[in-house]
Amino acid sequence: MSSPGAHRSDEPVDVPDQLRAARQTIDNIDAALVHMLAERFRCTQQVGHLKADLGLPPSDPEREQRQVARLRTLAQEAGLDPVFAEKFLGFIVEEVIRHHEDIAARRPGTAASR
Ligand SMILES: C=C(O[C@@H]1C=C(C(=O)O)C=C[C@H]1O)C(=O)O
């Protein structure tokens with residue numbers, strides 16, 4: 001009998017073991033990324049409501065600059081291309097800001113909510 005989960009993947013049966021194992025790891029990492037992103041967006045939604053309550057703008061470019069500097073350093077230390085790390089963060093933050101703009105626009109009294 002195979003170990004639990006050994007053939008859980010949807011890979012064809014003729015895939016070499018080493019490739020199958022690597023792809024299993026990739027699938028696990030992708031699942032973790034999705035879960036982490038979902039948690040990050042759950043948190044940024046809260047920030048969006050908080051900022052709308054406080055009358056703060058959807059984006060905070062100074063905060064973003066600090067995040068980019070920090071992530072670039074972390075990426076370098078981890079052996080990840082810092083340019084890619086910056087692009088990846090920028091892609092996520094752009095979506096977050098869009099959510100924050102939507103939240104602010106739906107507040108009572110704003111043109112979009114009427
Ligand atoms: C989450 C915030 O709102 C925006 C989104 C950010 C992010 O996704 O990390 C960072 C700065 C802001 O432009 C925030 O102000 O903290």
Side-chain angles (χ1 to χ4, degrees):
M1 203 179 92
S2 63
S3 61
H7 283 274
R8 195 201 53 78
S9 83
D10 52 8
E11 289 292 320
V13 281
D14 57 347
V15 169
D17 284 350
Q18 215 181 343
L19 180 55
R20 178 187 300 278
R23 286 178 174 172
Q24 178 70 61
T25 301
I26 291 166
D27 286 348
N28 286 346
I29 292 169
D30 287 349
L33 281 175
V34 165
H35 286 117
M36 285 192 286
L37 276 175
E39 285 306 304
R40 192 184 197 280
F41 275 100
R42 213 191 306 275
C43 187
T44 55
Q45 284 298 95
Q46 289 173 359
V47 170
H49 287 283
L50 195 56
K51 292 207 290 194
D53 288 346
L54 297 169
L56 294 172
S59 73
D60 185 339
E62 285 177 17
R63 159 81 173 148
E64 290 171 33
Q65 271 182 13
R66 294 194 299 275
Q67 287 169 287
V68 166
R70 177 173 171 266
L71 270 200
R72 287 184 65 102
T73 302
L74 284 174
Q76 262 153 355
E77 288 168 1
L80 180 71
D81 180 359
V83 175
F84 171 77
E86 182 170 350
K87 271 197 262 179
F88 183 63
L89 180 71
F91 181 64
I92 295 167
V93 170
E94 189 182 309
E95 179 72 4
V96 170
I97 291 169
R98 212 176 48 73
H99 294 176
H100 288 187
E101 286 168 349
D102 286 349
I103 291 167
R106 288 194 174 86
R107 281 295 155 111
T110 60
S113 64
R114 278 187 213 117

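As the structure lists them, so they are numbered: ligands from 1, and atoms in each ligand from 1. No hydrogens, no waters, no symmetry mates; every other heavy atom, side chains included, goes into these values. Quick caveat: nothing in here was measured; it's all calculated off a predicted structure.
Every side-chain contact (heavy atoms from CB on, under 4.5 Å) that Ser59 has, sequence neighbours left out, goes to Pro61, Glu64, Ile97.
The nearest protein atom to atom 12 (C) of ligand 1, hydrogens excluded, is given as Asp60 N, 3.4 Å; this is a heavy-atom distance. With hydrogens left out, the protein atom closest to atom 8 (O) of ligand 1 is Arg40 NH1, 2.9 Å, a heavy atom. Protein heavy atom nearest atom 5 (C) of ligand 1, with residue, atom name and distance: Val96 CG1, 3.6 Å. Ranking protein heavy atoms by distance to atom 10 (C) of ligand 1, first place goes to Gln67 OE1, 3.3 Å. Distance from atom 13 (O) of ligand 1 to its nearest protein heavy atom, with residue and atom name: Glu64 OE2, 2.4 Å.
Between Ala85 and Ala75, the shortest heavy-atom contact is CB-CB, 3.7 Å.
Within the 4.0 Å heavy-atom criterion, the part of Pro58 lying near ligand 1 is the backbone and not the side chain.
Side-chain atoms of His99 and Glu95 form a donor-acceptor pair, as typed in the model, at a separation below 3.5 Å.
Atom 4 (C) of ligand 1 has its nearest heavy-atom neighbour, among Arg63, Gln45, Lys51, in Lys51. The heavy atom nearest to atom 6 (C) of ligand 1, out of those in Val93, Val47, Ile92, Leu89, is found in Val93.
Close contacts between ligand 1 and His100 involve ligand atoms 1 (C), 2 (C), 3 (O) [criterion: under 4.0 Å to a heavy atom]. Residue contact check: Ser59 has heavy atoms under 4.0 Å from atoms 13 (O) of ligand 1.
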Open item on the list: Run the salt bridge (Lys or Arg N to Asp or Glu O under 4.0 Å) test on Glu39 and Arg42 for me, step by step, so that the C-alpha distance in whole Å, both residues' side-chain angles and the decisive distance to 0.1 Å come before the verdict.
Closed with: CA-CA 5 Å; Glu39 285 306 304; Arg42 213 191 306 275; 2.7 Å; yes
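Here the CD1 atom belonging to Ile92 is positioned 14.0 Å from the NZ atom belonging to Lys87, to the nearest 0.5 angstrom.
Both Leu89 and Leu74 are part of a single hydrophobic cluster, where members link through side-chain heavy atoms under 4.5 Å apart.
With Gln45 as reference, Ile103 is the one residue of Ile103, Val96, Leu50 to meet the side-chain contact (heavy atoms from CB on, under 4.5 Å) rule.
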